[in-house]
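These notes are about the structure you will find just below.
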Amino acid sequence: MLEQDVLDEVTNPFPGLAALQEQTPAVRVRTPDGPPAWLVTRYADVRDLLRDDTRLSVDPDHGAGEDYAGFELPPQLRPHLLAVDAAQHDRLRELISSPFTGTGLHRTVEVVEAEAHRLVAALAPDQPVDLVAELAFPLALTAVRAVLPLPDPAHQAFAEWAHDALLAPRRQEDGAEVRARDTLGRMAEIIQTATTVPGDGLLGELQAAYHHGRLSAHELAAQVFYLLFVPTEPLVDAFGVVLLRLLAGTRHRAVLRDSPAARHVAVAEALRFDTPQGLAAPRFALVDLDIDGVRVRAGQTLLLSLAAANRDPRQFDDPDELVLTRSPNPHLALGRGDHACPATALSYQLLSSSVAALLSRYPSTTVVPEKTQWRGNFRHRGPASVWADLKP
Ligand code: HEM
């Protein structure tokens, strides 16, 4: 059994993951949370297992024995999208789709784009600016609110939770304590308000589905939980890595400012290179499996390393090089298969618009990647700050 070091490494996890990837397709690890699991690192295995809903389940009830089963959640938050399979998953996925498709998607993007321009206009250009605090964090909150509009008191409480849980620990040593403090209690209050006070947009749609019997009370609370509290962190980290990587070089600057298509390609590469959500949600084997000769027993847990897969030399030429024009780029940073991120199209547009807003006002902005400190844990990773000199 491998101890947890490779999973704990945040500054540069890639050499450790590459060594494992070279040695074996799947290795038994002790997770930082304690219990063991299988870590799968090769691109083809990770991609195929993400799509395998016949032999794998995301429902922790299918876990058995001593293996890692993910966060322990109270019963009313358990039936979220990434913990249910098959027909229940299809029904929930359909019910949350409106902000991610068609006119709903346009509206969400418009709100966040306007906020990106407003935030950039408010930056002070005569001193170095931390783009994580000034852009990534507020834009992530705006995006989550545009997806799931909360009544005002609940939004205020959510913004405070996000600040304490995500932003404050980037700046102080005792971050873990702040982060852990009463998190579930605060979440429960916010969810209680969000599910009981009549809401607009997707929140109103989910409340209506509950009143019409198409969603149980637990399913309503669990979707609100998942759409609010889970995406905020990968989104902050994704804004951070995209701003860091796209603004670091000078070679493609004018193209990135003027061409949405070039920005899309570059955003994909930043997501591949720095994969903000490094691990998929736990998968539980429904039957005994053979992963290229490694035997996994029914009930055991698989951790699929999106970060390792995205640096696999079997799939990507020069995987440790950041190539902002890399195309095609079949990275797995937003998942694959039935549980792939429903906000994929939205995320690309939001990430791209943050760079466009900054470059349209300050076209010669520079950032220094070498100064970056990384933060995170074995599930996610992003820059604690991205210092920029804003230049017109
Ligand atoms: C760019 C930032 C984001 C990243 C890196 C990201 C990453 C991912 C990944 C990797 C998955 C698949 C996990 C798995 O298969 O185990 C996923 C699923 C999901 N994401 Fe995102 N995500 C992002 C933004 C968002 C946003 C903005 C939302 C909504 C507000 C969102 C909501 C979800 C939901 C609900 C699922 C579960 C889908 C399902 O099980 O059917 N994500 N995300």
Side-chain angles (χ1 to χ4, degrees), residues 99 104-150 152 155-156 158-160 162-163 166-168 170-171 201 231-250 252-264 266-267 270-271 276 324 343 345-369 371-372 382-392:
L105 172 61
H106 280 291
R107 259 199 310 275
T108 321
V109 171
E110 261 173 25
V111 171
V112 182
E113 268 180 3
E115 181 66 358
H117 284 282
R118 197 190 67 73
L119 289 167
V120 168
L123 294 174
D126 44 2
Q127 57 199 19
V129 168
D130 174 12
L131 297 178
V132 171
E134 304 299 331
L135 266 187
F137 179 74
L139 281 180
L141 287 196
T142 305
V144 170
R145 191 179 202 187
V147 166
L148 193 78
L150 289 179
D152 274 336
H155 180 71
Q156 196 46 40
F158 171 66
E160 281 165 22
H163 181 275
L166 310 183
L167 201 57
R170 290 172 195 251
R171 297 191 177 135
T232 316
E233 190 143 47
L235 202 46
V236 174
D237 289 336
F239 275 118
V241 297
V242 163
L243 289 162
L244 175 72
R245 299 302 181 190
L246 271 62
L247 298 173
T250 48
H252 307 291
R253 193 173 294 270
V255 182
L256 290 178
R257 185 191 60 200
D258 298 333
S259 162
R263 279 201 302 278
H264 186 98
V267 164
L271 293 177
L324 292 178
L346 174 65
S347 298
Y348 268 96
Q349 297 208 37
L350 302 185
L351 297 167
S352 170
S353 64
S354 68
V355 173
L358 202 73
L359 286 181
S360 64
R361 195 167 182 109
Y362 297 109
S364 306
T365 295
T366 50
V367 303
V368 187
K371 275 199 206 160
T372 304
S385 51
V386 173
W387 289 101
D389 286 322
L390 304 177
K391 293 185 201 136

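Both backbone and side-chain heavy atoms feed into the values below; hydrogens, waters and symmetry mates do not. A quick note: this is a predicted structure, and the numbers were derived from the prediction, not measured. Along the sequence shown, the residues carry numbers beginning at 1.
Of the inter-residue distances, the one linking F137 atom CZ with T142 atom OG1 reads 10.0 Å to the nearest 0.5 angstrom. Taking CG of L150 as the start and CG of L148 as the end, the distance is 5.5 Å to the nearest 0.5 Å. Between the CG atom of D258 and the CZ atom of R253 there is a distance of 12.5 Å, given to the nearest 0.5 Å. Note: S354 OG to E113 CD = 10.0 Å, rounded to the nearest 0.5 Å.
Proximity of P276 to L271: side-chain heavy atoms (C-beta onward) are separated by under 4.5 Å at one or more points. Side-chain contact between L247 and L359 is present, with heavy atoms from C-beta onward closer than 4.5 Å. The shortest distance between side-chain heavy atoms of Y362 and V120 falls below 4.5 Å. F158 places a side-chain heavy atom less than 4.5 Å from the side chain of T232. Proximity of L131 to L244: side-chain heavy atoms (C-beta onward) are nowhere separated by under 4.5 Å. When side chains are defined from C-beta on, L350 does not count as touching L139, because their heavy atoms never get closer than 4.5 Å. L243 places none of its side-chain heavy atoms less than 4.5 Å from the side chain of V367. Between D389 and T365 there is no side-chain heavy-atom pair separated by less than 4.5 Å.
Residue A116 comes nearest to S353 through the heavy atom pair CB-O, 4.4 Å, listed as atom of the first residue, atom of the second, then distance. The shortest non-hydrogen separation linking H155 to L141 is CE1-O, 4.5 Å. Nearest heavy atom pair, residue G240 against residue P383, reads C-CG, 3.6 Å. The nearest pair of heavy atoms linking F239 to A140 is CE1-N, 3.8 Å. The heavy-atom pair separating E233 from L166 by the smallest distance is OE2-CD2, 3.3 Å. In terms of heavy atoms, S364 sits closest to P392 at OG-O, 3.5 Å.
Between the side chain of T108 and the main chain of P99, a donor-acceptor pair closer than 3.5 Å is present. Looking at R263, its side chain does come within 3.5 Å of a backbone N or O of R257 through a donor-acceptor pair. The backbone N or O of V386 lies less than 3.5 Å from a partner atom in the side chain of D130, making a donor-acceptor pair.
Between E115 and R118, at least one side-chain nitrogen of the basic residue sits less than 4.0 Å from a carboxylate oxygen of the acidic one, meeting the salt-bridge criterion. The pair K391-D126 does not meet the salt-bridge criterion, since no charged nitrogen lies less than 4.0 angstrom from a carboxylate oxygen.
Residue L246 forms a side chain to side chain contact (heavy atoms under 4.5 Å, CB included) with just one option from L351, L256, L358, V241, and that option is L256.
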One pair to check against side-chain contact (heavy atoms from CB on, under 4.5 Å): L119 and E134. What are the steps and the verdict? CA-CA 7 Å; L119 289 167; E134 304 299 331; over 6 Å; no
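Using the six-membered ring where Trp is involved, H264 and Y348 have ring planes that are parallel, under 30° apart on the 30 and 60° scheme.
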